[in-house]
Amino acid sequence: MIKFLSLIVVAVFSLSLPAAEPRGTGDMGIIIERANGSVLIIETTHNSQLYRVEGLGDLSHASAVFSRDERHAYVFGRDGGLSKIDLLSGTLLKRVMQAGNSIGGAISQDGKIIAVSNYEPGGVKLFDSTSLELLSDIPAHYAESKQSKTVGLVDAPNQHFVFSLFEGNQIWLLDAHNPKQPKIQKFADIGLQPYDALISSNGRFYIAGLFGEEGLALLDLWQLDKGVQRILPHYGKDDPKKPVYKMPHLEGWALTDDYALFPAVGRNDVLVADRRTWQLVKKIPVYGQPVFVMSRPDGRQVWVNFAMPNNDTVQIIDTLKLAVMTTKKIGKGVLHMEFTPRGEAVWLSVRDEDKVQIYGTEDGQLRGELPAHKPSGIFFAARAHQSGL
Amino acid sequence: MAAIAADITLQRQDELLYLLHQDCGSCHGMTLKGGLGPPLLPQVLQDKPVELLSATILFGRPSTPMPPWSFMLNADEATWLAKHLKGQAHD
């Protein structure tokens, strides 16, 4: 009888508290299902799916950042939607339509402000990270009655944000100490058509890739008076640019002790620059036009995926030899990669096969697979504690 | 026009639509409302001739990010896509 009663007590208890065990979110993450407007919430300890959250709108090209307590994900949708998700309960807490067409976002150093980068109307908007209330609107006017798409938005130390103007050929540095009236410092003529950018993990170097010309634009945030420098200016001079079927991304700064690795635009190369002089050291020939060039957290390997028609393959670069060491056929439509926080595994989304694959990085072996509907971006909560992500 | 639709099998039409929403979508948005590339919706394209659009698809637009697709699409397929974008019936 006592046993029977306690069974009932347990049953009632677990009914009222479905998420029985409290847990942390440090091993959690989200996977964007681009066609359905949904995201999967997953965990990387047992490689399982925990929830599917629906109703997020058009998620092609969506990206996400995390609150500093790693509890919430903020998802930036293509259709201008900004959504706040609770990782623990797997629920959509709030969603605001903040623009017609947007490309990505960032969270401030103190975690209080969400910045969103928009194509239409071109500019950046700042939101309160708790309420998603609009704090300020910064249209990207660069000439009389001309407004630019904004790209490459990142957070930077001292409560700053940095972004670039695709048509305006500028980099803007935003001081958001007073988010209702941010101060803007503008750097003009940085090079033609910056298409994306990244910031070094220490928050010092902001680098924008250029589509309209060869080279990249570098801003040293520790020495703003030096202005924007052009780096790797002639990286393709003996090798004409080919058409680009998917814009490369500059995210996941591929950095080793001595080198920085970047995707070349319209060429089958990964560029290697010396971190001190920013001179081109080497071009590593790769399988196709690189899209993501991402370093394992320790910098020992760099994984590269490619634009179509080569998007069924990834290559792994050995960063001591600066050469491709492994070529892997994965499956059709490898869109994104994300390393676990300490890099023992990497998750790959394989869009056309409706799955996510998990590889060990030490032996390159497949460790697991999860079904996902047209998966694209994969973002782990540990990003919360990395500047620029 | 019937001839054009007849030349493209239903299976190929599916492939073209998949390409349009997934791969063209990486620049034009999956629902074609625009991204780095302009929106490709019927109301935006209504004044643009099919020939212009299909030439853009086949040959790209130099010095813009719009790439040429002639390595994987033939002229009939590009025309089919251009008409589809303009919201014209294919038969």
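Note on naming: letters A, B, ... go to the chains in the order of the sequence lines (proteins, then strands), and numbering restarts at 1 for each one.
Contacts between A:Y245 and chain B at a heavy-atom distance below 4.5 Å involve backbone atoms as well as side-chain atoms. For a residue to count as touching a neighbouring chain, one of its non-hydrogen atoms must lie under 4.5 Å from one of that chain's; by this rule B:M72 touches chain A with the side chain only. Of the atoms belonging to A:K374, it is side-chain heavy atoms, and not backbone ones, that fall under 4.5 Å from chain B. For A:D79, no part lies under 4.5 angstrom from a heavy atom of chain B.
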> Going through the distances and angles, do A:N169 and A:Y142 end up as a side-chain hydrogen bond (donor to acceptor under 3.5 Å, both in side chains)?
Replying inline: CA-CA 9 Å; A:N169 307 327; A:Y142 62 96; over 6 Å; no
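For A:F292 and A:W303, the ring centers sit 6.0 Å or farther from each other.
By number of non-hydrogen pairs under 4.5 angstrom with chain A, the leading residue of B:C27, B:S26, B:G35 is B:G35. The most heavy-atom pairs under 4.5 Å with chain B, out of A:M308, A:K149, A:R34, come from A:R34. Taking chain A as the reference chain and counting heavy-atom pairs below 4.5 Å, the highest number among B:G29, B:G34, B:G25, B:S63 is found for B:G34. The most heavy-atom pairs under 4.5 Å with chain A, out of B:P62, B:G60, B:P67, come from B:P67.
The shortest distance between side-chain heavy atoms of A:R351 and A:V334 does not fall below 4.5 Å.
For the residue pair A:S376/A:S349, the side-chain donor-acceptor check at 3.5 Å is not satisfied.
Between A:E120 and B:K33 there is no salt bridge, since no side-chain nitrogen of the basic residue lies less than 4.0 Å from a carboxylate oxygen of the acidic one.
Nearest heavy atom pair, residue B:Q46 against residue B:Q43, reads CG-O, 3.5 Å.
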